[in-house]
2 protein chains.
Amino acid sequence: MSITIKDIAKQAGVSVTTVSRALNGYPDIKPETRQRILRIAAEANYHPSAIARSLVMKKSRAIGLIISELTDLGSGYHMLFDVIRGVNDQAMALGYDLILSATDPEQQREIPYIELCQRRQLEGVVLMGVRTDDPYLKEVLDASVPCALVDIPLTADSCTYVTLDNVQGAKLAVQHLVERGHRRIGLINGHNQAFVSRERWKGYGEGLKEAGIPLREEWVAYGDFEQESGAECIENLLAADPELTAVFCASDIMAIGAIQRLKQLGKRVPEDVAVVGFDGLELTQFLTPSVTTIVQPRHRFGVEAVNLLVRMMAGETPEPIILNPELREGQSTGK
Amino acid sequence: MSITIKDIAKQAGVSVTTVSRALNGYPDIKPETRQRILRIAAEANYHPSAIARSLVMKKSRAIGLIISELTDLGSGYHMLFDVIRGVNDQAMALGYDLILSATDPEQQREIPYIELCQRRQLEGVVLMGVRTDDPYLKEVLDASVPCALVDIPLTADSCTYVTLDNVQGAKLAVQHLVERGHRRIGLINGHNQAFVSRERWKGYGEGLKEAGIPLREEWVAYGDFEQESGAECIENLLAADPELTAVFCASDIMAIGAIQRLKQLGKRVPEDVAVVGFDGLELTQFLTPSVTTIVQPRHRFGVEAVNLLVRMMAGETPEPIILNPELREGQSTGK
DNA sequence: TTGTATGCGTTATCAA
DNA sequence: TTGATAACGCATACAA
C-alpha cells in the first residue's frame, strides 16, 4: 500500500540500511548518494512509518492527553478547550503526536490508564479534569510513565503538576477592590473540598489583612462554582451584612449568578455592589456589565504541562509550575 | 521493559502462537490452556502492543482529528469543544484511538495532511474548522484515506460530511417570531462567502414566504458573525425600518451584540424588538435576557462524523448527514 | 490442539 | 562508505 524504505532502496539501487541512514542524517554517507536518496524519497512522497519506528526504537513519540470530565472544579468545562490547545501546540512544536482520550465518569467509560499507556507506548501523559479523590489518580501515581497534572497539586516519582497561584489571584481581586475604596468585601467561595477554594480563601484573607481590614465570618459564603449558588450566596451575604459594597467570587459563573441576583434585588453593579470573578472566561466580556475577573493563562497550562513532561521523560524531576494570575478589569468594579 | 507475549508464553509453557490465539479468542485452543493463558496474562497485567499489532495487521485502529482553527464560520470556536467530545466518545466506543492535531493557519503550522496519515497509518480522519477555500482541502480530497468533514459541504471518493440543516434552522427562527405576532422581521446574516450564510438566508426567505410576508431588502444586513457587527447591523436595520419588531441573527454572538446595542438605543428586548440567535451556545442562557436560539447538536456532529468514517473504512460511500436544528426559547423573544 | 517459520517497516550491530 | 542480518512484538500460513 504505502511506500516503504524498501521501495526507495530499490529505486536508488542501494540497501535499506543506506536509505535509513541517509534519511536520518548520519554522516557516513557519500553526499551524492544521500542527495539521490533524498530526491527519490521526496519524489515518491515517502514518509517513514512511525509505527515501525516506534517498534524498533521503543519510543513512540506520542504523548497522551487524558481528560476525565471534571466536576468539582466548576466552570472547568470552560477551561478545558484552551488547555487542550496549549498541549497540542507544544506537543506539536516538540515533535510529539497527541493521543486524546476523554473519559467520562458518568458514562462509566474510564479507560484503564495503564492499558492506554502500554497499548500505545505513550512516553508521557498529561492528565486533567480529575477529582483529587479519584481512584484513577492512584493508578497514575503508581505507574512509571511520566505524568503532568493540570490543576491537581500532587507529586510523585514521575509526576508533577502545573497550576495557578490561586492565593495570589484572590489577593489581586481583593487589592483591586480595596483600591476602589471598598472596605466591606464579601467572598463567595467554592466548596471547601476543592483545593482551589482553600487557596482562594487564603488569598482573600491575606488581601484583607494587608489592607488592615479584619476578616468577618459573615462575609464568607460557600457555593459550588455554579451560577445558581452565586445568586443564593450574594443574597445571604447581603442579609448578613446589608452594607457590603463588594464581593469576590471564586468563579466567573458564580459572579454572573451574583450579578443577576443583585439586579433583581434592585442593586446596581458596580455602583451599589462591585463584583470580581475568577477564571477569565471569555463570556465575561459579553455581559453587561462586563465582569472584572482573575484570568487564568489556560493556554500556558497546556504548554507548561508538556514542558514538564519532556523534562521528566529526560529523567529530570522538575518542580511544579505555579503560574501567575492576572486581573482583567471590566465594568463590574467601576472603571 | 513492558511485558510481551513472549513472557506470557514462557510462563505458560506454550508458544507465542498459542498465546496469541488464546488471547484473540480463536476456537482451536484447548479451554484449559486458554484459561491458564488468560489468567497469567491478567496477573501480569499484560496488554498487547497496539504498535506491533498495527505493523503486522496494517491497521492502526487509530483515527485522526484534525482541526484547522476556523475563522469564517464565526463563533466556531465555541462549537469545537463539544464536537471534539463527540468524536472522542464515538471513537472510543468503537475501539479506535484518537490522534489529535490542531493546526493553526496563523502560526503557519499546518501539518501536511498526508504525512500525518502515513506516519501514524491513520485509518480515517475527521476534519473540521477548515475554510472552504483552504488549499489544505484539496490535499484531503485527493488522498485515499477516508475523511469525514464537519460543517464543510464537500464530497469526494472517500470523503463526505456532516452538517446542520441551516435552511430549516433559519426557518424555525422566523416561524417562531411569526407565531409571536411579528411581521417585520430583520435578518442579520454572516458574510455571504460562508456557505451557512447562504443557507440561512434561504431559510429566512422561506420562513417569511410561508407567513405571507414579502421579503424586503432593507431588512437584511451582513455582519461577520462577531459581536460588534451584530451591534452595527441592528442599528442599520433600525435606521432603514424603524418599525422592525424582530430580528434573526445568524450567530449567537451577533445576537448578543445586537441586544446590547438595542439596550443602548433605549429599546427593550423583547418588548420593542425580539431577537433570535443561532448556534445554541451555553452562554446565551447566562445573559439577561437569555437568548432564544437555534441549537446545533454539536456533540452529535462528532458522533456522526465518526460513524461516517467507519462506514467509509468499510468500503461504503455514505451520503452526507444533515442534522436537524432545534429552537431553544429564551427571554429575548417574549415568554 | 499446538508449534515453527515468516514477515510487517524500521533501526542498529557488525563486517566488508 | 556501504550492506547483510538481526531485532522490535505480534499475527498468520502451514506443519505437525
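Here is how names work: the chains are called A, B, and so on, in the same order as the sequence lines, proteins then strands, and each is numbered from 1. Being a predicted model, the structure only gives us computed values, none of them experimental.
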Contacts of B:S54 that satisfy side-chain hydrogen bond (donor to acceptor under 3.5 Å, both in side chains) - sequence neighbours left out
none
Applying salt bridge (charged side-chain N to carboxylate O under 4.0 Å, His left out) as the test, list every pair that has at least one member in residues 4-24 of chain A; sequence neighbours left out.
none
Of the candidate nucleotides C:dG3, D:dA4, D:dC8, which contains the atom at the shortest distance from the side chain of B:V14?
C:dG3
Applying side-chain hydrogen bond (donor to acceptor under 3.5 Å, both in side chains), name anything that partners B:Y46, two or more places apart in sequence or on another chain.
none
Global bending angle along the helix from C:dT1-D:dA16 to C:dA16-D:dT1, which compares the axes of five pairs at either end, to 10 degrees
40°
Interface with DNA chain D, restricted to residues 16-36 of chain A and to heavy atoms under 4.0 Å:
A:T17, A:T18, A:R21, A:D28, A:I29, A:K30, A:T33
With sequence neighbours left out, what residues match A:L309 under side-chain contact (heavy atoms from CB on, under 4.5 Å)?
A:I63, A:V126, A:P146, A:A148, A:M312
Applying side-chain hydrogen bond (donor to acceptor under 3.5 Å, both in side chains) to A:T33 and not counting sequence neighbours gives none
Listed once per pair and sorted, the salt bridge (charged side-chain N to carboxylate O under 4.0 Å, His left out) pairs that draw on residues 302-318 of chain A, sequence neighbours left out:
A:R300-A:E304, A:R311-A:E316
What residues form a salt bridge (charged side-chain N to carboxylate O under 4.0 Å, His left out) with A:D165, not counting sequence neighbours?
none
Does anything in residues 25-39 of chain A pair up under salt bridge (charged side-chain N to carboxylate O under 4.0 Å, His left out), and if so which pairs, sequence neighbours excluded?
A:R39-A:E43
Not counting sequence neighbours, which residues clear side-chain hydrogen bond (donor to acceptor under 3.5 Å, both in side chains) with A:T18? List them please.
A:S15
Heavy-atom contacts under 4.0 Å between residues 39-50 of chain A and DNA chain D, which residues?
none
